[in-house]
Protein chains: 2
Amino acid sequence: MYDLILKNIARFITLTPAETERFTSILKPRSLRRRQYLVQAGDVFRQECFVNKGSLRIYQVDDSGQERIINFAFEGWWTGDMYSFLSGQPAIYHVDALEDCELLLIGKEQLEQLYIDIPKFDRFYRILLQNAYIAMQRRISDNMMLSAEERYLQFLERYPQFEQRLSQKHIASYLGITPESLSRIRRHRLNRS
Amino acid sequence: MYDLILKNIARFITLTPAETERFTSILKPRSLRRRQYLVQAGDVFRQECFVNKGSLRIYQVDDSGQERIINFAFEGWWTGDMYSFLSGQPAIYHVDALEDCELLLIGKEQLEQLYIDIPKFDRFYRILLQNAYIAMQRRISDNMMLSAEERYLQFLERYPQFEQRLSQKHIASYLGITPESLSRIRRHRLNRS
DNA sequence: AAAAACACTTAACATAGGATAAGTTTCCAG
DNA sequence: CTGGAAACTTATCCTATGTTAAGTGTTTTT
């Protein structure tokens with residue numbers, strides 16, 4: 001059950017057996033059925049979430065009811081609502097399960113205490129965030145520099161293993177286009193080849 | 001000279017006088033004239049940069065020579081090329097001065113040693129990054145949910161103090177539109193009021 | 001002070017992608 | 001197994017924004 005998360009952590013820091021024990025003791029397992037919410041915008045959600053199995057999406061709903069997917073989370077990824085976690089304010093985004101999920105949650109207070117007791121975890125989350133930040137920056141420049149079709153191709157290249165697990169509606173939403181546009185793009189590609 | 005950066009750090013962690021001394025001793029002051037590069041895409045740039053005075057832009061140039069501004073950096077902000085810093089690979093972005101700048105740089109090795117000697121700095125950069133990450137996420141959702149005009153209005157609201165220091169060309173580039181479009185948006189707004 | 005480069009505006013035209021609507025296929029829930 | 005809801009496709013029309021080009025005003029360079 002803790003294999004994946006411990007491997008994830010071992011990428012950046014090395015834990016003693018006692019530290020490992022301490023760490024796993026604060027993890028709260030939780031499973032989520034497809035379509036169930038982890039967070040609803042407006043809730044305060046002060047937990048970090050590691051995805052052990054399954055997939056989720058982080059999304060926003062605009063005034064006209066349109067959903068926009070900000071990001072996905074697959075097994076081995078971290079997710080949550082960073083803003084709510086940090087500030088204690090209501091979450092900005094919805095997070096829900098796209099497939100049945102097994103999650104490991106860490107409460108804010110316990111994580112704060114962990115940072116104090118084992119400062120290596122400050123380092124772990126710093127490095128995790130640096131990588132997340134780089135990915136976000138790349139996403140912004142892609143959204144600005146590339147056409148819808150180019151973004152779709154890049155998505156296929158970058159996440160070939162996830163494409164089959166996501167509906168086109170969700171991929172379109174992640175790319176910032178309508179499902180109709182994605183359908184059109186796919187047709188043009190087929191006609192050409 | 002170190003006032004602003006020490007205040008910046010004091011937002012999240014408290015340093016002893018000895019730690020303060022240790023920290024300031026690794027800072028390398030550097031000034032940059034308007035239009036001078038801090039980083040050119042392709043260079044390896046393994047330094048973190050604090051802006052003490054002036055402003056910079058982080059941008060990318062596409063195949064057709066179009067510049068796209070990923071972000072600005074004003075006094076009190078941190079900047080650089082996180083990807084190059086972390087990976088040691090050539091930088092993805094250009095960073096150059098929009099106004100004459102006074103900067104404080106920290107080399108990668110010295111920062112790594114600082115993390116080891118004073119683990120509080122792991123914490124400081126973790127919190128800094130959490131905030132930067134939240135801002136990035138918000139930028140992505142704004143770019144997806146809002147029209148060019150709405151993004152412009154939000155920019156004016158969010159950064160009223162910076163608007164006057166930036167050319168419209170640069171604001172347009174940051175918003176992901178052409179200067180012509182920004183000009184059109186401004187005209188429509190004037191006509192309406 | 002003149003020349004050159006740049007910033008900004010305006011206008012006419014082009015186009016990628018949105019909106020709407022209708023049809024087909026796939027997926028569940030009863 | 002069946003009926004209704006989603007998911008996906010296709011077509012038509014529409015609009016926001018890009019493109020090109022020309023003109024004016026403002027810096028920067030010489």
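In what follows, chains carry the letters A, B, and so on, assigned in the order in which the sequence lines appear, proteins first and then strands, with residues in each chain numbered from 1.
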_B:Arg187 vs B:Arg35, nearer the 5' end of DNA chain C by closest nucleotide_ = B:Arg35

_Base, sugar-phosphate or nothing for A:Ser167? Non-hydrogen atoms, less than 4.0 Å._
sugar-phosphate

*Under 3.5 Å, side chain of B:Arg151 to main-chain N/O of B:Leu175, donor-acceptor pair present?*
yes

*asked:* Once you measure the plane-to-plane angle for A:Trp77 and A:Phe162, does it fall in the parallel (<30°), tilted (30-60°) or perpendicular (>60°) bin?
replied: perpendicular

*Should the ring pair A:Tyr115 and A:Tyr125 be called parallel, tilted or perpendicular, given that the plane angle runs from 0 to 90° and is split at 30 and 60?*
perpendicular

*What does nucleotides 13-25 of chain D look like as a protein-contact string, B for base, S for sugar-phosphate only, - for none, at under 4.0 angstrom between heavy atoms?*
----BBBB-----

*Report the distance from atom NE2 of A:His188 to atom P of D:dT10, rounded to the nearest whole Å.*
10 Å

_Rounded interatomic separation in angstrom, taking NZ from A:Lys169 and P from C:dG18_ = 16 Å

*Phosphate OP1/OP2 of D:dT10 contacted by A:Arg186 side-chain N/O (<4.0 Å)*: no

*asked:* If I take atom CG in residue A:Leu175 and atom C1' in nucleotide C:dG18, what distance separates them, rounded to the nearest angstrom?
replied: 15 Å

*asked:* From CD of A:Glu67 over to P of D:dA6, roughly how many Å is that when rounded to an integer?
replied: 12 Å

*Identify the residue among B:Phe23, B:Phe124, B:Trp78 that makes a ring-ring contact (aromatic ring centres under 6.0 Å, His included) with B:Phe50.*
B:Trp78

*Please check if the distance between the ring centroids of A:Phe74 and A:Tyr159 is under 6.0 Å.*
no

_Length of the line joining A:Gln168:CD and C:dT25:P, which is rounded to integer Å_ = 16 Å

_Residues which pass ring-ring contact (aromatic ring centres under 6.0 Å, His included) with B:Phe85, listed by chain and number, not counting sequence neighbours_ = none

